[in-house]
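Following: one structure in structure tokens, then a few remarks.
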Amino acid sequence: MASIPVYRPRLTGNVTAYVNECLSSGWISSRGEFISKFESGFAEYVGAAEATSVANGTVALHLALVALGIGPGDEVIVPSLTYIASVNTILQAGATPIFVDSLETTLQLDPQAAHKAITPRTRAVMAVHLYGHPCAMDAIVGLCEEHGLLLIEDCAEAVGTLWKEQHVGTFGDAATFSFFGNKTVTTGEGGMVLAKDPIVMERCRHLKSQGVSKTREYWHDTLAYNYRMTNIQAAIGLAQLEIAESILERKKAIAESYRGALVGLPLRMHDPVGPVEHSFWMCSILVDDPSRRDPLREHLAGHGIETRPFFPPAHLMPHCRANISLPVAESISDRGINLPSYPDLTSEEIERISEAIASFYR
Ligand SMILES: *Cc1c(COP(=O)(O)O)cnc(C)c1O
């Protein structure tokens, strides 16, 4: 039986034509018409005024932090239960990540825990919309406004994710997206930065391109980076954007099928909670008994089904270890499995996966 991967991008539509256009025109580097088309198309898609493309979702976060002026001496509140890039970029900016716990229901940043973590040094909150579910944005936006904190949204896993019908990434002072190969919209590697303030946007564009002067060639007026996306990546991204709705529709249907097929088992789905649109970047399950998580994954691997465990909490990692206990994040992390979640997953494959999970519990 063919094995089923966790993810495989859907590369249909205009992708081949657009990439070939790059090749035949010779515009394969970080200049070319697809860059601005993808940036404006993406901004329009999420409902932002503008967006600037970058090489990946990690440098997107670093650029956003630096452009907002976050650096040494600043504390940034971040959920420990996230992909490590959220935390590493805070450290790379010279700031200090302050880890907070998550909510059992949504798996997202706990706004009350964030409130308790505020000190005189707190500069910002980084809200990570994990696995396609949004954070509780009313509470988080309110908290930031009340305490004069910057809000950065890590939307790497949240294309198509809405809070009260508003796309995530449009709440914060800055927001970032990732277009890695397994993300809902992919460019292979790639990322995007959004910022509310046009001055911050301009700083992002300046910093991502070596800080070069607009008026004087090879004159660099600040220490900066090469974080640019290529025209080829943008060509793929534009074609992906054109089929994004169909990808998202299919992912929601897949989550629905899993939910139906897995009822009655000692586990729960990562269901949407509140006034949200869950985009199901990943279809996740949380097993009731954490000691059964790894044996279940092994059982599925034996059936040719690839899965992923949830992220380990960052406060347990060697390079950013904090001597604290975040019981909800730790428990969620110990129980979570991401099932195959790609848009072209067939009904037969979903049945095969669900049946393999059921057989483990029999
Ligand atoms: C994927 C991801 C990133 C980093 O994106 P890359 O494009 O892989 O650099 C950052 N944060 C989260 C939550 C992610 O899932």
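Counting convention: from 1, in listed order, for ligands and their atoms alike.
Proximity to Ala156 (heavy-atom distance under 4.0 Å) selects the following atoms of ligand 1: 2 (C), 3 (C), 10 (C), 11 (N), 12 (C), 14 (C), 15 (O). Near Val128, the atoms of ligand 1 lying under 4.0 angstrom from a non-hydrogen atom of the residue are 13 (C). Taking every non-hydrogen atom of Ala85 and a distance limit under 4.0 Å, the qualifying atoms of ligand 1 come out as 4 (C), 10 (C).
There is a side-chain donor-acceptor pair under 3.5 Å between Glu330 and His315. With 3.5 Å as the limit, one finds no donor-acceptor pair spanning the side chains of Glu153 and Thr176.
Taking the six-membered ring where the residue is Trp, His278 and His133 present perpendicular rings, their angle passing 60° and hence far from 30°.
Cluster membership check: Ile35 does not share its hydrophobic cluster with Leu238, using side-chain heavy-atom separations under 4.5 Å among Ile, Leu, Val, Met, Phe, Trp and Tyr.
Checked against the 6.0 Å centroid criterion, the rings of Phe179 and Phe38 qualify as a close aromatic pair.
For the pair Lys37 and Phe34, the cation-pi criterion (under 6.0 Å, within 45° of the ring axis) is fulfilled.
Of all protein heavy atoms, the one lying nearest to atom 3 (C) of ligand 1 is Tyr83 CD2, 3.5 Å. Atom 5 (O) of ligand 1 has Ser178 OG, 3.2 Å as its closest protein atom, hydrogens excluded (heavy atom only). Among all non-hydrogen protein atoms, the one lying nearest atom 4 (C) of ligand 1 is Thr58 OG1, 3.5 Å.
Of all the heavy atoms of Val59, none lies under 4.0 Å from any atom of ligand 1, so neither backbone nor side chain is involved. By the criterion of a heavy-atom distance under 4.0 Å, both the backbone and the side chain of Asn56 are placed next to ligand 1.
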*Start with the C-alpha gap between Phe42 and Phe177, add the side-chain angles, then the distance that decides, and say whether ring pair (Phe, Tyr, Trp, His ring centres under 6.0 Å) holds.*
CA-CA 10 Å; Phe42 191 82; Phe177 289 82; 4.8 Å; yes
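In this comparison of Thr187, Ile84, Asn182, Asp154, the heavy atom closest to atom 10 (C) of ligand 1 sits on Asp154. Heavy-atom proximity to atom 14 (C) of ligand 1, evaluated over Glu189, Met282, Lys183, is greatest for Lys183.
Residue-to-ligand polar distances place Gly57 within reach of ligand 1: an N/O pair is separated by less than 3.5 Å. Annotation: Glu157 places an N or O atom under 3.5 Å from an N or O atom of ligand 1; distance criterion only.
Side chain of Ser53 to main chain of Met229: no donor-acceptor pair is present (N/O by atom type, distance under 3.5 Å, no hydrogens or angles).
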